[in-house]
Amino acid sequence: MTHAPRGALRGLRTLLASLAIGMAWATTAHLAAAQEPPATAVERPAFSLASAEIFTTRAVPSVTLTFERLGSLDFRVYRVGDPLAFFTTLEEAHTLGSEAYAVPVEQTWLERLGEWKARRRGEVLTFLRRQTSRAYRQQRRAQGDQATVQRRVQLGLQAFAQVPLLNDKQLVASWREILPRLADADVRRIPIEVKAPGVYLVEAVHGTQLAYNILMVSDVALVTKAAPGTLLAFL
């Protein structure tokens with residue numbers, strides 16, 4: 001029987017101890033990972049719609065889409081038959097379908113960094129736009145709108161089983177918008193192919209999630225000037 005030197009035995013014990021600790025750490029990490037909820041459970045898609053102008057019949061109406069973690073979004077556009085009755089039933093015309101969410105108001109450092117990066121990116125884009133003429137920007141926008149419309153997938157009435165249509169008789173357009181699945185929030189202009197004057201309700205659907213926006217097309221403009229006790233209107 002051969003005896004190993006004491007230094008070698010101490011080295012062997014140290015190696016075995018480190019291996020045991022490593023195996024225990026790996027087992028603990030594996031169990032912790034198994035107990036964590038899947039990423040898809042917390043990374044739920046989010047999106048909202050907005051518009052800030054009334055479009056003429058010569059312009060291309062559009063809505064602004066803010067989204068994240070979304071690969072596609074179904075759009076439905078309805079023409080409002082009686083605009084007066086429609087607006088009188090709304091509690092607040094500027095916040096259609098909005099809810100008060102109980103969310104923390106204090107941002108994390110990662111959210112503050114993302115917001116700072118978004119502001120810097122916006123400043124760079126604004127600077128670059130100012131280096132070109134208005135006619136060139138309009139031409140580029142028209143080309144972008146055409147490319148966006150060509151990528152759309154048209155949907156039929158049978159495609160709306162999970163969330164039924166609000167009114168199939170007033171439906172004027174429906175399609176699936178293909179979007180890049182991004183982890184951070186992104187903003188995109190969505191052109192709406194309607195030309196006739198009127199009030200339209202734009203509905204965005206993803207699974208059971210919904211978002212709404214009002215779109216107005218009119219060649220009539222009303223400019224008002226208010227003073228104490230007086231309102232002057234130009235039509």
Side-chain angles (χ1 to χ4, degrees), residues 37-53 55 59-79 95-99 101 103 107-108 110-111 113-126 128-129 137-166 168 171-195 200-217:
T40 55
V42 295
E43 295 180 356
R44 191 181 183 192
F47 56 93
S48 63
L49 299 177
S51 62
E53 60 181 302
F55 299 91
V60 179
S62 65
V63 296
T64 300
L65 169 66
T66 304
F67 68 97
E68 60 183 7
R69 300 183 297 273
L70 201 63
S72 64
L73 191 62
D74 293 350
F75 281 86
R76 312 164 183 176
V77 183
Y78 307 88
R79 181 181 174 87
T95 55
L96 178 64
S98 65
E99 298 179 6
Y101 294 99
V103 296
Q107 292 181 322
T108 64
L110 194 58
E111 291 173 334
L113 177 61
E115 186 175 333
W116 179 85
K117 290 169 59 179
R119 288 198 301 267
R120 299 293 83 78
R121 184 167 59 247
E123 291 172 358
V124 172
L125 291 176
T126 301
L128 294 176
R129 290 191 188 101
R137 293 197 300 270
Q138 289 178 340
Q139 180 184 0
R140 292 281 296 177
R141 172 172 286 188
Q143 293 175 352
D145 290 347
Q146 184 179 6
T148 299
V149 172
Q150 290 176 351
R151 290 193 300 267
R152 289 174 175 173
V153 179
Q154 300 300 318
L155 299 176
L157 296 178
Q158 67 275 9
F160 307 124
Q162 189 170 8
V163 178
L165 295 170
L166 294 175
D168 57 349
L171 184 70
V172 296
S174 62
W175 71 92
R176 177 164 294 163
E177 194 80 20
I178 306 302
L179 303 168
R181 188 179 295 275
L182 304 175
D184 297 327
D186 194 15
V187 179
R188 177 164 297 195
R189 177 177 171 273
I190 305 296
I192 307 296
E193 293 187 288
V194 293
K195 287 293 185 182
Y200 299 88
L201 179 66
V202 181
E203 180 184 38
V205 182
H206 180 78
T208 57
Q209 295 176 271
L210 301 170
Y212 298 93
N213 191 76
I214 298 173
L215 187 68
M216 300 183 67
V217 180

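In this chain, numbering begins with 1 at the start of the sequence shown.
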With Glu68 via side-chain hydrogen bond (donor to acceptor under 3.5 Å, both in side chains) - residues at least two apart
none
Looking at every non-hydrogen atom in both residues, tell me the closest pair between Val63 and Leu49 and how far apart they are.
CG2-CD2, 4.3 Å
Say whether, by atom type as modelled, one donor and one acceptor occur between the side chain of Ser51 and the main chain of Ile214 under 3.5 angstrom.
yes
Quick one: CD on Gln209 to CG on Asp74, what's the gap to the nearest 0.5 Å?
12.0 Å
The test is side-chain contact (heavy atoms from CB on, under 4.5 Å); show your working for Tyr200 and Val172 and say whether it passes.
CA-CA 9 Å; Tyr200 299 88; Val172 296; 4.3 Å; yes
Using 0.5 Å steps for rounding, measure from the CD1 atom of Ile190 to the OG atom of Ser62.
9.0 Å
Can you tell if the side chain of Glu203 reaches within under 4.5 Å of the side chain of Leu210, non-hydrogen atoms only?
yes
Using a 4.5 Å cut-off on heavy atoms from C-beta on, say whether the side chain of Val60 contacts that of Arg189.
yes
Looking at Ser48 and Ala211, what are the two nearest heavy atoms and their distance?
CA-CB, 4.4 Å
Please check if atom NZ in Lys117 has more than 12 non-hydrogen atoms from other residues, nucleotides or ligands closer than 6.0 Å.
no
Taken to the nearest 0.5 Å, the spacing of Phe75 CZ from Leu65 CG works out to 5.0 Å
Any heavy-atom pair between the side chains of Phe55 and Leu215 that's under 4.5 Å?
yes
Can you name the side-chain hydrogen bond (donor to acceptor under 3.5 Å, both in side chains) partners of Glu53, sequence neighbours left out?
none
If you measure from NE2 on His206 to CZ on Phe67, what distance do you get to the nearest 0.5 Å?
12.0 Å
Non-hydrogen atoms of Arg137 and Arg129 that approach each other most closely
NH1-O, 3.1 Å
Shortest non-hydrogen contact from Leu73 to Val205?
CD1-O, 3.4 Å
Does Arg119 come within less than 4.0 Å of Glu115, counting only side-chain N to carboxylate O?
yes
